[in-house]
Amino acid sequence: MRFNYNNKTYAIEFQRVYRRVHVRDKRTKNVKYVQIAQYPNTIVKLVEVEKGEDPKFWKVFATAEVGCFKTDQFTKEAGRLAAMRKLSPELDVGMRQAMWQRYVGRKG
């Protein structure tokens, strides 16, 4: 998803990542073993799009990552919204509004 702000083009990118978690013994609190998390973390990146360049060279402007607990009602949409909420305070008001308008106004 792309949007324009101050004559620059930005893209919103999402990624889901399964992190390793430490499982601890309830009595001793020592790590018993490490496993892959049951639920993914959601990462949102706001990148500045450079015209004519390969996307792997675009500049990352801001990023945020959120996770969830096993008791949460995880959905992809909930993860994206939480990540964008965490990212919002880092942006100025105009960019924040442009980002949210683009995300909310997307098609399907």
Side-chain angles (χ1 to χ4, degrees):
M1 282 173 266
R2 294 184 183 191
F3 65 94
N4 295 317
Y5 179 70
N6 280 348
N7 298 321
K8 292 184 181 179
T9 303
Y10 295 92
I12 306 168
E13 298 178 349
F14 295 99
Q15 183 179 8
R16 290 176 21 180
V17 177
Y18 288 86
R19 300 283 187 206
R20 291 182 175 191
V21 294
H22 298 276
V23 178
R24 298 185 180 275
D25 186 292
K26 290 181 182 181
R27 289 180 294 121
T28 64
K29 305 296 183 197
N30 293 333
V31 176
K32 290 194 322 189
Y33 55 92
V34 177
Q35 71 180 27
I36 301 298
Q38 184 177 0
Y39 299 100
N41 285 7
T42 302
I43 300 171
V44 61
K45 290 181 185 176
L46 193 59
V47 295
E48 188 176 325
V49 176
E50 300 284 335
K51 293 184 179 179
E53 285 196 28
D54 191 11
K56 65 182 177 183
F57 296 115
W58 292 350
K59 298 175 192 169
V60 175
F61 184 77
T63 185
E65 181 173 349
V66 294
C68 68
F69 294 106
K70 62 182 179 181
T71 57
D72 293 344
Q73 295 294 319
F74 175 79
T75 63
K76 187 169 28 172
E77 183 70 12
R80 288 179 171 193
L81 291 173
M84 287 181 62
R85 267 189 247 110
K86 186 174 180 179
L87 178 68
S88 289
E90 298 178 23
L91 309 175
D92 65 16
V93 175
M95 179 175 274
R96 185 181 319 149
Q97 289 174 344
M99 177 186 72
W100 279 100
Q101 285 176 351
R102 177 62 183 113
Y103 183 77
V104 173
R106 75 193 188 283
K107 294 180 181 176

S.K.: Using links of under 4.5 Å between side-chain heavy atoms of ILVMFWY residues, direct or through other members, which residues join Tyr39 in one cluster?
M.R.: Phe74
S.K.: Got a sec, which pairs hit salt bridge (charged side-chain N to carboxylate O under 4.0 Å, His left out) with one end in residues 87-96, sequence neighbours left out?
M.R.: none
S.K.: Which residues end up grouped with Val17 if you chain together Ile, Leu, Val, Met, Phe, Trp and Tyr wherever their side-chain heavy atoms are less than 4.5 Å apart?
M.R.: Ile43
S.K.: Using a 3.5 Å distance criterion without hydrogens, assess whether the side chain of Arg102 forms a donor-acceptor pair with backbone atoms of Arg2.
M.R.: yes
S.K.: Cluster partners of Phe3, using ILVMFWY side-chain heavy atoms under 4.5 angstrom, listed by chain and number?
M.R.: Met1, Tyr5, Tyr10, Ile12, Phe14, Val44, Leu46, Phe61, Leu81, Met84, Leu87, Leu91, Met95, Met99, Trp100, Tyr103, Val104
S.K.: According to side-chain hydrogen bond (donor to acceptor under 3.5 Å, both in side chains), who are the partners of Asp72, at least two apart in sequence or on a separate chain?
M.R.: none
S.K.: Is there a side-chain contact between Thr42 and Gln15, using heavy atoms and a 4.5 Å cut-off?
M.R.: no
S.K.: According to side-chain hydrogen bond (donor to acceptor under 3.5 Å, both in side chains), who are the partners of Glu65, at least two apart in sequence or on a separate chain?
M.R.: Arg19, Asn41
S.K.: Which value, rounded to the nearest 0.5 Å, describes the distance between Lys45 atom NZ and Glu13 atom CD?
M.R.: 7.0 Å
S.K.: Quick check: closest heavy atoms across Ala83 and Ala64, and the distance to 0.1 Å?
M.R.: O-CB, 3.7 Å
